[in-house]
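Presented below is the structure to which this report refers.
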There are 2 protein chains.
Amino acid sequence: MTGPESGADEVDLLVEAWQRERADLDLGPVEVFSRISRLARLLDRARREAFTAQAIEPWEFDVLAALRRAGKPYRLSPGQLLRETMVTSGTMTNRIDRLGERGLVERSPDPHDRRGVLVGLTAAGKRAVDGAFDSLIDKERDLLGELTTAERRELAALLKRLMEPLR
Amino acid sequence: MTGPESGADEVDLLVEAWQRERADLDLGPVEVFSRISRLARLLDRARREAFTAQAIEPWEFDVLAALRRAGKPYRLSPGQLLRETMVTSGTMTNRIDRLGERGLVERSPDPHDRRGVLVGLTAAGKRAVDGAFDSLIDKERDLLGELTTAERRELAALLKRLMEPLR
DNA sequence: CCCAGATATCTTGACGTCAAGATAGTTTCG
DNA sequence: CGAAACTATCTTGACGTCAAGATATCTGGG
């Protein structure tokens, strides 16, 4: 009935331990959310590895990728970037500074708003982000290895529904 | 065929943007992993909210919870704690110090190993973690609201399979 | 018994992030 | 037109984390 059982994982053990200690609680939610947290952590490590060839960090990729997928001319304001990447303005200032030092992006004044700035991908930045994204997709495809296409779609759909109330 | 479509979410838009820019790539994996990263982030915020009543932070909960689910006498070594919580030793020293200052845990020498220390939950620590876990379970059940029990199980099972290659 | 290597914990210094606030420029509307 | 409210970006200071290494103790082979 249960298909090819592949034994208890860390989270199963964690839930069993809680069940022993707090038999009064329904731990169903933990089986989902605990796995999501752990997966995010493991995924972050996998991304780090995928980016070693381009010598960029996940936070650098996040910014470069936002510029890259915006399309030509690969320019966005710091405000757009922080909304895309879900970080605060102080963090974004810092990131742009350091990416600028590495020659991957450059600031220019916004011609329509003198308060504003536009951040653009340099040629080196575009090369770095395209290479990094290739590596990332390869890595992620590996990680999905065991899942069939139908299962992957099912999983993506369930995750999408789970995100809805959190928006 | 597609059931009650609830429109494109952030990730759908992100994938469409990448598709425009990099039509050469198969973006299937992104639909899964990008949602996992985002969910982890949103979940972290939700946990923060759930813990406000006990005035504890997620990192504090992680340590207290490891001690709590270990069962009586609620004592573990720093080494066991760092393996449970996936942080480095320096971080764990820091966490134990601060939880000690707040009176939620206390250090005692390990009677069997003079290098060692045991970290134990105080009565106040146990009250805090039990209250926090109640709130967390409530919050998480809310977040699952839209999913049926069968869907929750399906999701947990798919996530478990996704984690396997990452261990 | 002793020493080399392993183990447990703590210390240090650098890093990336955030929250709060400062500064400069823009918009709205009386 | 001018003042008040708003917006965009940057600055500052505190925080939690990590990697690397220091210190103390334990263990097994010779």
Side-chain angles (χ1 to χ4, degrees), chain A residues 37-38 40-42 44-45 47-49 51-52 55-67 75-102 104-120, chain B residues 37-38 40-42 44-49 51-52 55-64 66-67 75-102 104-120:
Chain A
S37 290
R38 281 162 194 260
R41 225 177 164 119
L42 297 169
D44 196 65
R45 285 188 205 165
R47 294 211 308 155
R48 257 193 176 76
E49 284 170 34
F51 297 154
T52 48
I56 69 177
E57 298 294 318
W59 65 261
E60 296 179 294
F61 178 79
D62 287 341
V63 177
L64 298 176
L67 292 169
R75 267 202 284 271
L76 294 172
S77 71
Q80 290 172 303
L81 283 171
L82 66 90
R83 282 184 290 277
E84 288 276 336
T85 57
M86 301 169 86
V87 299
T88 60
S89 65
T91 298
M92 188 50 68
T93 299
N94 221 340
R95 289 182 174 189
I96 295 166
D97 287 350
R98 277 171 295 156
L99 287 167
E101 284 163 19
R102 291 196 51 189
L104 302 176
V105 304
E106 55 195 1
R107 281 192 178 88
S108 54
D110 182 335
H112 300 306
D113 185 340
R114 269 179 294 189
R115 295 167 305 181
V117 168
L118 291 176
V119 180
Chain B
S37 290
R38 279 161 196 261
R41 226 178 164 118
L42 297 170
D44 196 65
R45 283 187 207 166
R47 295 210 307 155
R48 257 196 173 74
E49 284 170 33
F51 296 154
T52 48
I56 70 177
E57 298 294 318
W59 66 261
E60 297 179 294
F61 178 79
D62 287 341
V63 177
L64 299 177
L67 293 169
R75 266 201 284 271
L76 294 172
S77 71
Q80 291 174 304
L81 283 170
L82 66 89
R83 282 185 290 277
E84 287 278 335
T85 57
M86 301 169 86
V87 299
T88 61
S89 65
T91 299
M92 188 50 66
T93 298
N94 220 341
R95 289 183 174 189
I96 296 167
D97 287 349
R98 278 170 294 157
L99 287 168
E101 283 163 20
R102 290 196 51 189
L104 301 176
V105 304
E106 54 196 3
R107 281 191 179 89
S108 54
D110 182 334
H112 301 307
D113 185 340
R114 268 177 295 189
R115 295 167 305 181
V117 169
L118 291 175
V119 180

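Here is how names work: the chains are called A, B, and so on, in the same order as the sequence lines, proteins then strands, and each is numbered from 1.
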Inset, instruction - Flag the pair A/Asp97 and A/Arg107 as a salt bridge only when some basic side-chain nitrogen lies within less than 4.0 angstrom of an acidic carboxylate oxygen. - result: yes
Legend entry - Smallest separation among heavy atoms of B/Arg75 and B/Ser108, with atom names: CD-OG, 4.4 Å
Legend entry - Residue whose closest nucleotide on DNA chain C lies nearer the 5' end, A/Arg114 versus B/Leu118: B/Leu118
Inset, instruction - Look at the side chain of A/Val117 and decide which nucleotide, out of D/dC18, D/dC10, D/dG16, has an atom nearest to it. - result: D/dC10
Inset, instruction - Kindly give the heavy-atom pair with the smallest separation between A/Ala66 and A/Leu76, and that separation in Å. - result: O-CD1, 3.7 Å
Legend entry - For atom NE2 of A/His112 and atom P of C/dG25, their distance in whole Å: 18 Å
Inset, instruction - Given side chain to side chain contact (heavy atoms under 4.5 Å, CB included), test A/Val87 with A/Arg95 step by step and report yes or no. - result: CA-CA 10 Å; A/Val87 299; A/Arg95 289 182 174 189; 3.7 Å; yes
Legend entry - Polar pair under 3.5 Å, donor/acceptor by atom type, side chain B/Ser89, base C/dC10: yes
Inset, instruction - Examine D/dC10: is either OP1 or OP2 under 4.0 Å from a nitrogen or oxygen in the side chain of A/Arg107? Give yes or no. - result: yes
Inset, instruction - Would you mind telling me which of D/dT25, C/dG25, C/dT17 lies closest to the side-chain atoms of A/Arg98? - result: C/dT17
Legend entry - Nearest-angstrom distance from the residue atom CG of B/Asp110 to P of C/dT7: 16 Å
Inset, instruction - Please state whether the phosphate of D/dT17, meaning OP1 or OP2, lies under 4.0 angstrom from any side-chain nitrogen or oxygen of B/Arg95. - result: yes
Legend entry - Nearest heavy atoms of A/Pro58 and A/Arg47, plus distance in Å: CB-NH2, 3.5 Å
Inset, instruction - Grab the CE-P distance between A/Met92 and C/dA19 for me, whole Å please. - result: 14 Å
Inset, instruction - Look at B/Thr88 and D/dT17 and indicate whether a side-chain polar atom (N or O) is within less than 4.0 Å of OP1 or OP2. - result: no
Legend entry - Value in whole Å for how far the C1' atom of D/dG16 lies from CD of B/Glu60: 11 Å
Inset, instruction - Looking at every strand, decide which applies to B/Gly79 at a 4.0 Å heavy-atom threshold: base, sugar-phosphate, or nothing. - result: sugar-phosphate
Legend entry - N/O (side chain, A/Thr93) to phosphate O (OP1/OP2, D/dC10) under 4.0 Å: yes
Inset, instruction - Using atom CZ of B/Arg48 as one end and atom C1' of C/dT17 as the other, report the distance to the nearest whole Å. - result: 11 Å
Inset, instruction - Rounded off to whole Å, could you give me the CG-to-C1' distance for the B/Asp113 and D/dT27 pair? - result: 11 Å
Inset, instruction - Mind calculating the distance between CD1 (A/Ile56) and C1' (C/dG16) to the nearest angstrom? - result: 16 Å
Inset, instruction - Could you check how far CZ of A/Arg115 sits from P of C/dG25, rounded to whole Å? - result: 10 Å
Legend entry - 5'-most by nearest nucleotide on DNA chain D - B/Gly90 or B/Glu57: B/Glu57
